[in-house]
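Owing to the predicted nature of the structure, the values given are computational and were not obtained by experimental measurement.
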Amino acid sequence: MEDHTFVVGQEFPDVKAFRNAIKEAAIAQHFELRIVKSDLIRYFAKCATEGCPWRIRAVKLPNAPTFTIRSLEGTHTCGKNAQNGHHQASMDWIVSFIEERLRDNINYKPKDILHDIHKQYGIIIPYKQAWCAKERGLAAIYGSSEEGYCMLPTFCEQIKKTNPGSIAEVFTTGADNRFQRLFISFHASICGFLSGCLPIVGLGGIQLKSKYLGTLLSATAFDADGGLFPLAFGIVDTENDDSWIWFLSELHKALEMNSEKMPQLTFLSDGQKGTLDAVRRKFPNSCHAFCMRYLSESISKEFKNSRLVHLLWKAAYATTTTAFKEKMAEIEEASPEAAKWIQQFPPSRWALLYFEGTRYGHLSSNIEDRWILDARELPIIQVVEQIHNKLTSEFEDRRTRSHSWFSVLAPSAETRMREVISRASTYQVLRSDEVEFEVISAERSDIVNIGKHSCSCRDWQLYGIPCAHAAAAIMSCRKDVYAFAEKCFTVASYCEAYSEEIYPIPQKIDWNKFGEAPSTLNEDAQVVRPPKFRRPPGRPEKKRICVEELNREKHTVHCSRCNQTGHYKTTCKADIMKGIEQFEPCRI
């Protein structure tokens with residue numbers, strides 16, 4: 001049926017297959033159908049254009065569901081010009097056309113649907129029809145948003161049953177159990193973080209785009225090789241101060257239950273008041289830094305100057321007071337307004353030099369992974385499933401990859417260490433005592449204390465791996481440089497982080513097999529209803545402001561009838577006012 005032609009005697013598996021075939025042919029060949037008779041045993045249709053002789057008849061064969069074409073009369077004389085808004089291109093037809101594409105690509109856009117249908121069939125359909133078809137297609141594949149909320153309690157139980165030690169809790173509000181918050185942290189993530197990751201946690205929120213919106217909150221760490229390590233995530237109906245306090249409270253409980261002593265943590269976030277207060281209240285002994293990616297994007301948006309962004313990053317990475325002041329002076333010279341704007345963010349929150357905690361060179365949280373963004377339009381259960389599936393595959397892939405590593409440090413740290421050792425061979429070392437050294441290079445002289453793991457260049461303290469000066473001092477007393485790197489950068493720590501498995505969660509159809517009835521079938525189970533707030537229908541409006549228009553003088557309109565400004569002749573009310581004035585004496 002690639003050419004969409006029919007012949008008498010041609011057979012189809014059943015009536016549905018025949019109807020689909022005739023519809024496809026009408027759309028592909030650009031003619032409209034007028035169905036005269038259609039039921040389970042016969043079908044008769046003709047071309048909808050007046051005067052066109054084309055006809056087709058088909059019937060069901062006896063004792064079989066098979067349909068066969070009995071007669072095919074005439075050829076089209078209509079010109080086949082039905083290209084704009086074809087009647088046969090119904091919503092169901094568009095859904096069937098895009099279903100497989102949606103399975104492969106969740107973010108299959110309505111404009112891409114329009115393009116693909118026009119490319120394949122040469123017809124144009126309305127944008128709204130494509131948008132609605134995508135919504136219906138997602139619901140057909142992944143279930144409705146309402147069903148997702150309803151099944152949440154049972155889904156959480158499945159997570160805890162298949163992944164013992166994991167935390168999965170749903171919170172509701174009001175007498176009608178409206179969804180408010182969801183917190184999930186897999187046992188493998190909690191244990192892996194505590195035993196093998198850097199003590200750094202990036203906080204971030206990503207807006208969801210499903211029917212009832214919401215925000216995905218996440219806590220993400222870093223493994224020994226610098227890779228992102230998802231620790232916990234939550235979904236809230238509204239992102240505000242209370243939701244961040246709740247999220248970090250749940251995170252604190254999860255860590256406290258799995259460790260004898262709470263580790264000293266460093267948090268990275270966009271610096272909003274909600275996260276600042278929440279970290280201060282729930283992790284009072286931790287350090288909190290602003291995410292440099294957020295700061296650089298903010299200054300770029302505010303001042304539209306790429307040089308300012310470059311200088312800000314240079315200042316953030318500066319390891320000496322002199323270097324920091326030089327970069328800040330250059331920012332002041334380039335834009336005094338930008339320098340004043342930066343003052344609202346204390347350097348102790350973003351600059352490596354002045355930050356009191358340990359960041360190991362990580363200045364950004366980098367939490368907006370593509371695989372999270374791809375799931376934003378799905379119902380809530382599918383968002384969680386998407387994250388779970390990604391975690392499962394990432395844990396397995398990284399665990400397998402680490403089996404081929406035979407170095408002491410993870411690859412990124414190993415590369416840095418080799419560069420350090422190579423540069424150290426050119427330095428001169430003067431030993432003061434058992435732990436203190438003076439290291440002389442062509443440009444400068446630095447003091448190294450191997451007992452305190454410090455160097456006057458500050459690189460060792462800031463990155464957790466000996467700098468070239470420290471490496472020269474360590475090698476001069478015949479010690480192993482690798483022994484002075486932080487344990488969290490070792491291959492052993494990397495393997496420890498991914499040692500626990502994340503186990504699969506059964507599909508809804510299999511929940512009964514595992515001894516759990518779906519909540520919709522259990523009268524005693526809590527039924528979670530969607531939040532009251534939902535996404536408004538239609539495409540979101542965008543307010544576009546042209547920068548060139550901001551400083552342009554507004555055009556003043558002038559009326560040619562009354563010689564007044566502020567309106568045109570067509571909207572002039574002078575004649576109406578005269579008529580009112582004529583009738584004023586009659587009111588006395």
Side-chain angles (χ1 to χ4, degrees), residues 197-206 217-222 226 228 231 239 241 244 248 264-368 454 457-465 467 486:
C197 287
L198 277 63
I200 303 173
V201 178
L203 303 176
I206 298 174
L217 307 182
S218 63
T220 310
F222 298 91
L228 293 178
L231 172 58
E239 181 185 3
D241 293 0
W244 273 113
L248 288 179
Q264 181 74 31
L265 300 178
T266 294
F267 287 90
L268 300 174
S269 75
D270 59 8
Q272 292 183 4
K273 187 175 182 297
T275 55
L276 288 172
D277 291 344
V279 169
R280 185 165 48 246
R281 289 176 60 176
K282 297 302 176 182
F283 293 87
N285 297 322
S286 66
C287 298
H288 193 174
F290 295 154
C291 172
M292 268 302 298
R293 179 172 144 189
Y294 166 77
L295 280 185
S296 61
E297 288 176 353
S298 298
I299 197 172
S300 176
K301 184 178 180 181
E302 189 77 18
F303 299 99
K304 309 292 189 300
N305 189 330
S306 59
R307 184 165 180 264
L308 291 176
V309 175
H310 176 74
L311 291 172
L312 184 65
W313 277 98
K314 288 286 187 182
Y317 273 112
T319 55
T320 64
T321 305
T322 304
F324 179 80
K325 288 182 177 179
E326 284 178 358
K327 297 306 171 187
M328 295 304 293
E330 289 185 49
I331 292 175
E332 173 79 33
E333 183 181 349
S335 172
E337 295 81 8
K340 186 176 180 181
W341 180 86
I342 294 171
Q343 289 177 7
Q344 65 182 304
F345 306 102
S348 60
R349 292 285 191 184
W350 57 272
L352 271 179
L353 180 65
Y354 297 104
F355 186 66
E356 295 179 356
T358 305
R359 297 166 72 171
Y360 299 108
H362 288 283
L363 271 65
S364 300
S365 55
N366 296 321
I367 57 132
E368 290 193 12
S454 67
C457 76
R458 291 184 55 81
D459 271 20
W460 195 357
Q461 299 94 301
L462 295 175
Y463 293 95
I465 295 175
C467 60
E486 291 291 335

Side chain proximity check, T320 to L353, heavy atoms < 4.5 angstrom: no
S364 to C291 - nearest heavy-atom pair and separation: CA-SG, 3.7 Å
Where D241 and G274 come nearest, the two heavy atoms and their spacing: OD1-CA, 3.1 Å
Rounded distance [0.5 Å steps], CZ in F267 versus CZ in F283: 4.0 Å
Side-chain heavy atoms of H288 within contact of S269, under 4.5 Å: yes
Mutual orientation of the aromatic rings belonging to Y317 and W313 [parallel < 30°, tilted 30-60°, perpendicular > 60°]: parallel
Between W350 and Y354, ring centroids under 6.0 Å: no
Side-chain touch F324/L352, heavy atoms, less than 4.5 angstrom: no
Other residues, nucleotides, ligands: >12 heavy atoms within 6.0 Å of E356 CD: no
Side-chain heavy-atom pair T266, Y360 within 4.5 angstrom cut-off: no
Point-to-point distance, once rounded to the nearest 0.5 Å, from NE2 of H310 to NZ of K314: 4.5 Å
Nearest heavy atoms of C287 and G357, plus distance in Å: SG-CA, 3.5 Å
For H362 against L268, the heavy-atom pair lying closest together: O-CD1, 4.0 Å
F222 vs L228 side-chain heavy atoms within contact, under 4.5 Å: yes
Contact check, side chains of E333 and L311, non-hydrogen atoms, under 4.5 Å: no
Set of side-chain hydrogen bond (donor to acceptor under 3.5 Å, both in side chains) partners for R280, sequence neighbours left out: D277
Expected output: side-chain S298 to main-chain Y294 donor-acceptor under 3.5 Å: yes
Spacing of I200 atom CD1 and S286 atom OG [to the nearest 0.5 Å]: 12.5 Å
Side-chain heavy atoms of P199 within contact of L265, under 4.5 Å: yes
Minimal non-hydrogen separation, L217 against G205, with atom names: CD2-CA, 4.2 Å
Carboxylate-amine/guanidinium contact E297 R293, below 4.0 Å: yes
Euclidean distance, S218 OG relative to L231 CG, rounded to 0.5 Å: 10.0 Å
Ion pair R307/E330, N-O distance below 4.0 Å: yes
Atom pair CG/CD1 of L312 and I299 - distance to nearest 0.5 Å: 5.0 Å
Spatial distance of atom CZ (F303) from atom CD1 (I342) [nearest 0.5 Å]: 7.5 Å
